[in-house]
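See structure below.
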Amino acid sequence: MNIEQKVSGLYDQILTRNAGEPEFHQAVAEVLESLKVVLEKDPHYGDYGLVQRLCEPERQIIFRVPWVDDQGQVQVNRGFRVQFNSVLGPYKGGLRFHPSVNLGIIKFLGFEQIFKNSLTGLPIGGGKGGSDFDPKGKSELEIMRFCQSFMTELHRHIGEYRDVPAGDIGVGGREIGYLFGQYRRMANQHESGVLTGKGLTWGGSLVRTEATGYGCVYFTEEMMKANGADINGAKVIVSGSGNVAIYAIKKAQELGATVVGFSDSSGYVSTPNGVDVELLKEIKEVRRARVSEYVAEAEGAEFHEGGNIWELKADVALPCATQNELSGESAKLLVENGCRFVAEGANMPSTPEAIEVFKSNGVHFAPGKAANAGGVATSALEMQQNATRDSWSFSYTDERLKRIMTNIFKNCETTAAEYDHEGNYVLGANIAGFKKVANAMLAQGVI
Ligand code: NDP
């Protein structure tokens, strides 16, 4: 059997064993495609069922989350934690609260997380969790009761040396606070290393809030430099308006770019004169309102209800909202409008068709597992500070983040070249992330 047949047989098995999980299939397909060249060059990576084991989570936990709403009615949600791979360190990955959450989505995110965490160079394994709970429109007390119920079950599965969750869509500082409070109560100890994204007075790290967005822009800056361009003076589209998007906008503008648009699930705002980040933060983080509110208070901004943000003209696109938000058609629009660089702040926001359009049109493309690794890397730095009971300064932590993102870029670049696919950062990220995990799995035996 040649490599092509082996990999396609393996993928067929994964489809059968994980039916009805299209996002998981998509994430696995992309990695398997990249691994063909590795298996060709270093066939020992095909031994001991290594790739099959890598595609099967070590543990999947699904649990009931009952809670009482403000009307006194019992509501029932479903909670998930997929502990995918702990060969490099404790499971690490965020919790997502969004109505679309299901097992397949958590598995795709957990699978991506293995390679992303490996790329950071830090000792963390891959995991992900969440719930189909929708925080939108819920009162403060409803959010708190939900978080407490969620942690009442999750607490027995996590720990500083076992599994260290963080935030993701719908889980920010407020939710981490309620989750941590309930964990502390149930465990009867202040185990600060059990969650990251904590408040600064109780074990949190400076830069964690900004890290994913900043890191994505640091990666973009490196990618542009390596390809003869400069972010200073560039026009940039940032989709979304949550944690990742806000800090990607902030850093891009600090480096001299103009951010020409941002969005939420109701539509997009065009901002030809750039974004007033403080106003956007006030609307999203304090008022918890929709992006449409922005235009009433910012000159030159326009709201496009239900519009497609990728129709804007820009040099750089940073998709920072959610999976599969950038289709093949949208990618064509970006190319037609002269976009030359795309870096994923979100996880898997570009469809396979979009990636193909970028590839065939010479657009430099950075996959999420590399470009958005700054968040989890800084979470690992938070764990280091917790372990040593220390708090680092903003500038020191930001410097570490920047160095990590530069190293990830260089690693993707040199790995792609080593396998004769120069400039293919998808392949570079997948292979570099894979090899470290694979070598550790081979060293630790068939488990
Ligand atoms: P937030 O909840 O803070 O923000 C999410 C943003 O995405 C909101 O603006 C939201 O709009 C928008 N969005 C969500 N779903 C959709 C949808 N179906 N269509 C259009 N817009 C949508 O999440 P984060 O900023 O933390 O996460 C964004 C992405 O980045 C996710 O893919 C996440 O996995 C990834 N990521 C996050 C990290 C982190 O540190 N937070 C780390 C690495 C990756 P609306 O309010 O209308 O729903």
Side-chain angles (χ1 to χ4, degrees), residues 23 27 92-101 105-106 108-113 115-117 119-120 126 128-130 133-137 165-176 196-197 205 207-216 219 238-250 261-269 280-281 283-285 287-294 303 305-310 318-327 330 343-350 366-382 401 405:
E23 293 85 1
K92 182 93 199 82
L95 298 171
R96 176 177 290 192
F97 293 169
H98 192 271
S100 63
V101 163
I105 287 186
I106 298 299
F108 118 65
L109 290 163
F111 184 71
E112 290 274 297
Q113 199 81 45
F115 306 97
K116 180 188 310 195
N117 293 5
L119 282 171
T120 65
K128 198 82 186 187
F133 173 74
D134 186 359
K136 274 204 203 92
D168 190 76
I169 292 181
V171 179
R174 171 180 64 173
E175 291 75 18
I176 292 291
T196 57
S205 171
V207 190
R208 177 59 191 93
T209 308
E210 296 84 355
T212 310
Y214 277 22
C216 179
F219 190 101
V238 179
S239 66
S241 49
N243 172 265
V244 180
I246 287 174
Y247 293 98
I249 295 171
K250 186 160 188 256
F262 59 84
S263 61
D264 66 15
S265 53
S266 63
Y268 79 88
V269 175
L280 180 60
K281 278 176 68 175
I283 291 170
K284 298 304 291 187
E285 293 175 356
R287 296 185 220 163
R288 296 186 186 274
R290 314 302 299 155
V291 290
S292 50
E293 274 198 22
Y294 179 89
F303 179 57
E305 194 173 353
N308 180 5
I309 192 168
W310 310 116
L318 305 178
C320 295
T322 195
Q323 64 271 5
N324 292 327
E325 56 163 311
L326 204 171
S327 66
S330 297
E344 296 186 326
N347 284 310
M348 210 169 75
S350 313
K369 60 172 76 69
N372 72 33
V376 74
T378 310
S379 276
L381 301 183
E382 182 173 330
L401 167 65
M405 295 315 296

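As the structure lists them, so they are numbered: ligands from 1, and atoms in each ligand from 1. Residues take their numbers from the sequence shown, with the count starting at 1. Here the structure is a predicted model, which means the values were calculated and not measured.
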Can you check whether [X] reaches [Y] side chain to side chain, under 4.5 Å on heavy atoms?
X    : Y    : answer
E285 : I246 : yes
N372 : V244 : no
V291 : F303 : yes
S265 : R290 : yes
E325 : W310 : yes

Which one holds for [X] and ligand 1: side chain close, backbone close, both close, or neither close, with close meaning a heavy atom under 4.0 Å?
X    : result
S100 : neither
R96  : side chain
R208 : side chain

Nearest candidate to [atom], where distance is taken over non-hydrogen atoms, out of [options]:
atom                    : options                : answer
atom 7 (O) of ligand 1  : G167, G267, A321       : A321
atom 26 (O) of ligand 1 : D168, T209, I309       : D168
atom 1 (P) of ligand 1  : G242, A211, G240       : G242
atom 11 (O) of ligand 1 : V291, T378, N347, D264 : D264

Tell me the protein heavy atom at minimum distance from [atom], and give that distance in Å.
atom                    : result
atom 19 (N) of ligand 1 : S265 CB, 3.9 Å
atom 37 (C) of ligand 1 : V244 CG2, 3.4 Å
atom 14 (C) of ligand 1 : T322 CB, 4.1 Å
atom 27 (O) of ligand 1 : I169 CG1, 3.6 Å
atom 39 (C) of ligand 1 : T212 OG1, 3.4 Å
atom 9 (O) of ligand 1  : S241 N, 2.9 Å
atom 3 (O) of ligand 1  : N243 N, 2.9 Å

Within-cut-off N or O pair, [X] and ligand 1, under 3.5 Å:
X    : value
N372 : no
K284 : no
G170 : yes

Open item on the list: Applying side chain to side chain contact (heavy atoms under 4.5 Å, CB included) to K128 and N347, what does each step give before you reach the verdict?
Closed with: CA-CA 12 Å; K128 198 82 186 187; N347 284 310; 4.2 Å; yes

Open item on the list: Show, in sequence, the C-alpha distance, side-chain angles and deciding distance for F219 and E344, and conclude whether the side chain to side chain contact (heavy atoms under 4.5 Å, CB included) test is met.
Closed with: CA-CA 10 Å; F219 190 101; E344 296 186 326; over 6 Å; no

Donor-acceptor pair, distance only, cut-off 3.5 Å: does the side chain of [X] make one with the backbone of [Y]?
X    : Y    : result
Q113 : G126 : no
T212 : G374 : no
E112 : L109 : no

- [ ] Give a yes-or-no answer on whether the side chains of E305 and S292 include a donor-acceptor pair shorter than 3.5 Å.
- [x]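 Looking only at side-chain atoms, S292 and E305 do not form any donor-acceptor pair under 3.5 Å.
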
Task: Exercise check, heavy-atom protein proximity under 4.0 Å to atom 17 (C) of ligand 1 - done: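 Yes.
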
Open item on the list: With heavy-atom distances below 4.0 Å as the criterion, list the atoms of ligand 1 near C320.
Closed with: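 So the answer, numbered in order with elements, is 28 (C), 29 (C).
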
- [ ] Could you tell me if any non-hydrogen atom of Q323 lies under 4.0 Å from any atom of ligand 1?
- [x]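 Not so, Q323 does not reach ligand 1.
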
Task: contact_flag K136 ligand 1 heavy-atom lt 4.0 Å - done: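 For ligand 1, residue contact (heavy atoms, under 4.0 Å) with K136 is present.
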
TODO: Could you tell me whether K250 and E210 have a side-chain N and a carboxylate O separated by less than 4.0 Å?
DONE: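 Looking at E210 together with K250, the answer is no, because their closest N to O distance does not fall below 4.0 Å.
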
Open item on the list: The test is side chain to side chain donor-acceptor pair (under 3.5 Å); show your working for S330 and N308 and say whether it passes.
Closed with: CA-CA 8 Å; S330 297; N308 180 5; 3.1 Å; yes

